[in-house]
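These notes are about the structure you will find just below.
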Amino acid sequence: MESVLQLYNTASRSKQPFVPQSAERVTMYVCGPTVYNRVHIGNARPAVIFDTLYRLLKQRHGRVDYARNITDIDDKIIQAAAANNESTAALTARYTQAYFDDMAALNNLPPPIVPLATDHLAEMIALVAQLIDSGHAYVAQSHVLFDVESMANYGALSGRSLDEMLAGARVEVASYKRHPGDFVLWKPSSAEQPGWQSPWGRGRPGWHLECSAMIEKHLGTTIDIHGGGQDLIFPHHENEIAQSCCAHGGQPLANFWLHNGFINIDGEKMSKSLGNFKTVEELLTLYRGEVLRYALLAAHYRSEANFSGDLLEQAQSSLDSLYTALRSAADVPAQPFAVAASAGYAALCDDLNTPAALGELHRLARLLNSCADDAKPAAKGELLAVAELLGLLDCDPEQWFTAARFEGAISAEQIEALIAERGAAKQAREFARADQIRQQLLDAGVVLEDSRTGTSWRRE
RNA sequence: GGCGCGGUGGCAGAGUGGUCAUGCCGACGACUGCAACUCGUCUUACGCCGGUUCGAUUCCGACCCGCGCCUCCA
């Protein structure tokens, strides 16, 4: 029997069985990056988490309309482009491609829908007009503002009332707002700022507007799952809900709200001021993307995760041991395995318990290492099937251990030549010479492993 | 101030009212010319104080400590 998928819904603050509106087509939207610089490892967490969920949902339902947007209009983009003396379009095109590259390096499948904010101005303007018409928004000093008091249950997702929000307000309130909690739907652009013509003059959208507009266009009025980082619960998702619900006669924007926890670096919150900001690009010069992915999956997605060199070393060693099992079983055919029957699959169905699923990978690797030959194809098949759900172990095991990862590393040809020489020395029982070659290779970062069938090697 | 989260062995990190997470590191044994890999065994746990219970790391309450959000943020 297939496991029920339980997901923790921020809206209800509890795990609930996931039931999509249509069993044949699941709709999921995840907030993507604002493309004004290289993304950091914290930005990669939701991408990896929701990619894993995407894989699981595809397995369960077949079709998943998964959209992850690119925010390519924003004040930070305008500032960065001005600082570089280039157009916002040139800047965002460059960083959008960099984001795609970084995410691909982490084994994330490309989402089937990747909408750009700047391709949806007409939809955003229409949404604003609708909110004005229905009495949920007003124009003030060339801005269009959402009237939070017009919505009875504003604040429901984050669990706060308008009064409570005021108590902690730490930002100066613009004088033209009727209520301090009112947020910008549309704002005016100066001549040098990017802008679009609208009924309220030339301007640009507020932060939250694009998601509401793009969800409606690509996925529908109410979607099954909306995801993102914890910090987006308020105000971003709260305001998306306000915009969409009020424009749609109160219909919900999403049935399930999923939020991932934050990543710390060496126990401290990652921030530019602390200087402990790690970009994916930077980390990829030290570790393969799969190692980063393993490290990101090693903690449950809702918990805080601490990123450190130690964690990455452990992830590397853990992957090495899994690939060692696959390398030893290189000649074993993988028997097709119905993954829904696996304990690893069941773990993922329990609110995406990736640490338990990784544990299952290790159990299967041990099984593959130790079981009788006739049981190996099944063990290998199950191991690979669970790993695929996690986006792991898709490398050729031989390549995993032998590919040179640093400039100036000893070549495979040189290694093979030395191994041949050592083999001859062993034949002649000149063990001193053989050990000397082993040490020479070890100094070059190459470990030799003798077996009945010959000598294999791996880089450390 | 308001809302919320968490404290598990050297490290990372699941989970459970009573037997085992798992991985990394460490120790020992088997295997090996020596190693490595692998397999097996093992050590070190559930913040603190009460309560419920035959039994609590797990449930309840208080306390201590850490963290997040409260209109930049994944």
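So you know, we letter chains A, B, ... as the sequences are listed, proteins then strands, and number each from 1.
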>> For Y8(A), does the six-membered ring have the charged nitrogen or CZ of R302(A) within the cation-pi criterion, i.e. under 6.0 angstrom from the centroid and within 45° of the normal?
In response: yes

> Taking Y323(A) as the fixed residue, which of E290(A), Q399(A), E398(A) is the one that meets the side chain to side chain donor-acceptor pair (under 3.5 Å) rule?
Replying inline: E290(A)

Any base atoms under 4.0 Å from [X], or only sugar-phosphate, or nothing? Heavy atoms, all strands.
X: N369(A); answer: sugar-phosphate
X: R438(A); answer: base
X: K426(A); answer: base
X: E304(A); answer: sugar-phosphate
X: S303(A); answer: sugar-phosphate
X: R429(A); answer: nothing
X: G42(A); answer: base
X: R363(A); answer: nothing
X: I263(A); answer: base
X: R68(A); answer: nothing
X: L448(A); answer: base
X: R458(A); answer: sugar-phosphate
X: H300(A); answer: sugar-phosphate

Assigned partner base of [N], Watson-Crick or wobble definition, under 3.5 Å:
N: rU38(B); result: rA30(B)
N: rC67(B); result: rG4(B)
N: rC48(B); result: none
N: rG17(B); result: none

> Quick one: on RNA chain B, does L232(A) or D450(A) contact a more 5' nucleotide (nearest heavy atom)?
Replying inline: D450(A)

> On RNA chain B, nearest-nucleotide positions of N260(A) versus R452(A): which is more 5'?
Replying inline: R452(A)

> Under the 3.5 angstrom rule, does the side chain of D51(A) hit a backbone N or O of L109(A) as a donor-acceptor pair?
Replying inline: yes

> Between the main-chain N or O of E388(A) and the side-chain N or O of R55(A), is there a donor-acceptor pair closer than 3.5 Å?
Replying inline: yes

> With respect to H226(A), which candidate in H259(A), H236(A), H237(A) satisfies the ring-ring contact (aromatic ring centres under 6.0 Å, His included) definition?
Replying inline: H237(A)

[atom1] atom, [N] versus [M]: distance in rounded Å?
N: rA21(B); M: rU53(B); atom1: P; value: 28 Å
N: rG61(B); M: rC5(B); atom1: P; value: 13 Å
N: rU52(B); M: rC46(B); atom1: P; value: 22 Å

> Is the ring centre of F262(A) under 5.5 Å from the base ring centre of rA74(B), and are the two planes under 30° apart, so that they stack?
Replying inline: yes

> Under 4.0 Å between a Lys/Arg side-chain N and an Asp/Glu carboxylate O for R38(A) and E282(A)?
Replying inline: no

